[in-house]
2 protein chains.
Amino acid sequence: MKHPSTRDRILEEADRLFYERGYEHTAFADIAEAVGISRGNVTFHYQTKDAILDAVIDLRLARTAALLERWETGGEGPADRIRSFIDILIANRAKIMLHGCPVGTLCSELAKLEHHALSHASALFTLFQEWLATQFAALGLKKEAGTLALHLLARSQGIATLASTFHDEAFLREEVRILHAWLDGITSSPSRRTRA
Amino acid sequence: MKHPSTRDRILEEADRLFYERGYEHTAFADIAEAVGISRGNVTFHYQTKDAILDAVIDLRLARTAALLERWETGGEGPADRIRSFIDILIANRAKIMLHGCPVGTLCSELAKLEHHALSHASALFTLFQEWLATQFAALGLKKEAGTLALHLLARSQGIATLASTFHDEAFLREEVRILHAWLDGITSSPSRRTRA
DNA sequence: GTCTATATTAAGATAGAC
DNA sequence: GTCTATCTTAATATAGAC
């Protein structure tokens, strides 16, 4: 890790730039400049831009899986694990207010481009969804676990979209508070869970 | 309206293409082809692409204002007006599942581009927000009206984002059902409104 | 108002020297 | 592995004929 390869540094900068500027708006030259190498060197390591995108998605998938595994093996119960998910909005609020959610904005862009990598990128959502569904099931909500997981994903997405549009931290914090209240309502009174 | 000017036809096709393909991914040539004129003719009517974008946003603002006014002068009360807003997700589901929300996806793209038109485009959100806040205030929720309006906007955004990522109509319909239940909960028991 | 032709810039991608 | 140089394509935008 002390001496990352040029290939890894390209991947790292591409990951950041695709998030900050979007996939299409990021040029080979931008990546090369960020790494401090020539354009030709970038194409030596990754022949096409699509190849970089695929590698970036794989990197994000691996990091997401590792994050979820850390949360899974953590000492807290399923409710606290779901709270960890909700609190990403707070932990990453600075970047979210500038660039939105890295998963949602990538999927939205790829959907508009009708890019074949959309199904690859949407696996990021699926990772979160399945993990969240596992937590809801562990709370005794096995039947609605998948629906609740998608619902929470959608709520997070909407918060990120509006927070980045208005660069509004107060809104983001208020919505996170409401999400925690929603979760509390689910864990304490299961019969009312579909109301929210 | 029977004989729209070339300028209006350019605007109409640009509006559609910016929604379907995104702003940056739409070229002058695409607009010209859709209208059935030459590229040079497009630039005769709109000198720059940014000028087209500004005109498209103005068009959307005018149409949104007209829509909200129709709902406002309609016979139903504030709760039914909010239901009209929620039901756009159903009415426009085919396009939403393909291209997402026209407001949210435009604002997300412009935020990534750091485009100066973002503040112009975000006025679309503000139109909806202020109108929704008026309805919530009319329901006797004057104090929380602004927060509730933003909350509902965020919920709609999240639904549109996931619906377009997964092209999933069942998810969209289920989430609309949950939104209606949320609204019912607010109108019937105000003390629990911030829970959802 | 509409067209063709063109200037200019930038991007993705390739070839070959070192 | 890294660079410079170049090919090719496509995009915004302009100029000028009709």
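Residue numbers start from 1 in every chain, and the chains themselves are labelled A, B, ... in the order their sequence lines are given, proteins ahead of strands.
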For nucleotides 11-13 of chain D, print each protein N/O atom paired with a nucleotide N/O atom at under 3.5 Å, atom names and distance only.
from: D:dT12; atom 1: OP1; to: B:Lys49; atom 2: NZ; distance (Å): 3.2
from: D:dT12; atom 1: OP2; to: B:Phe28; atom 2: N; distance (Å): 2.9
from: D:dA13; atom 1: OP2; to: B:Lys49; atom 2: N; distance (Å): 2.9

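Distance from the side chain of A:Ser38 is smallest to D:dT4 among D:dT4, C:dC3, D:dG1.
When rounded to the nearest whole Å, the span between CG of A:Leu17 and C1' of C:dG12 equals 16 Å. Computed from coordinates, the A:Ile10 CD1 to C:dA13 C1' distance equals 15 Å when rounded to whole Å. Following rounding to the nearest Å, B:Asn41 (CG) and D:dC18 (C1') show an atom-to-atom distance of 13 Å. The distance between atom CZ of A:Phe44 and atom C1' of D:dG1, rounded to the nearest whole Å, is 5 Å. Rounded to whole Å, atom C1' of C:dC3 lies 11 Å from atom CD1 of B:Ile37.
Using cut-offs of 30° and 60° on the angle between ring planes, the pair B:Phe125 and A:Phe166 is tilted.
Among residues two or more places apart in sequence or in another chain, the side-chain hydrogen bond (donor to acceptor under 3.5 Å, both in side chains) test is passed with B:Glu20 by B:Arg16. With sequence neighbours excluded, the residues forming a side-chain contact (heavy atoms from CB on, under 4.5 Å) with A:Ala14 are A:Phe18, A:Ile31, A:Ile52, A:Val56, listed by chain and number. With sequence neighbours excluded, the residues that form a side-chain contact (heavy atoms from CB on, under 4.5 Å) with A:Asp8 are A:Pro4, A:Ser5.
For the OP1/OP2 pair of C:dA11 and a distance below 4.0 Å, the side-chain nitrogens and oxygens of A:His25 include no atom meeting the criterion.
Considering A:Phe136, A:Trp71, A:Phe128 as possible partners of A:Phe85, the one that fulfils the ring-ring contact (aromatic ring centres under 6.0 Å, His included) test is A:Phe128.
Comparing the end axes of the helix from C:dG1-D:dC18 to C:dC18-D:dG1, each fitted to five base pairs by superposing C1' atoms of four pairs onto the next four, gives an inter-axis angle of 10° (nearest 10 degrees).
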Side-chain polar contacts of residues 157-164 of chain A - donor-acceptor pairs under 3.5 angstrom, sequence neighbours left out - could you list them?
from: A:Thr161; atom 1: OG1; to: A:Gln157; atom 2: O; distance (Å): 3.0
from: A:Ser164; atom 1: OG; to: A:Ala160; atom 2: O; distance (Å): 3.4
from: A:Ser164; atom 1: OG; to: A:Thr161; atom 2: O; distance (Å): 3.0

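Residues B:Thr134 and B:Arg81 fail the side-chain proximity criterion, which asks for heavy atoms closer than 4.5 Å.
We find the CD-CG distance between B:Glu69 and B:Leu67 to be 10.5 Å, quoted to the nearest 0.5 Å.
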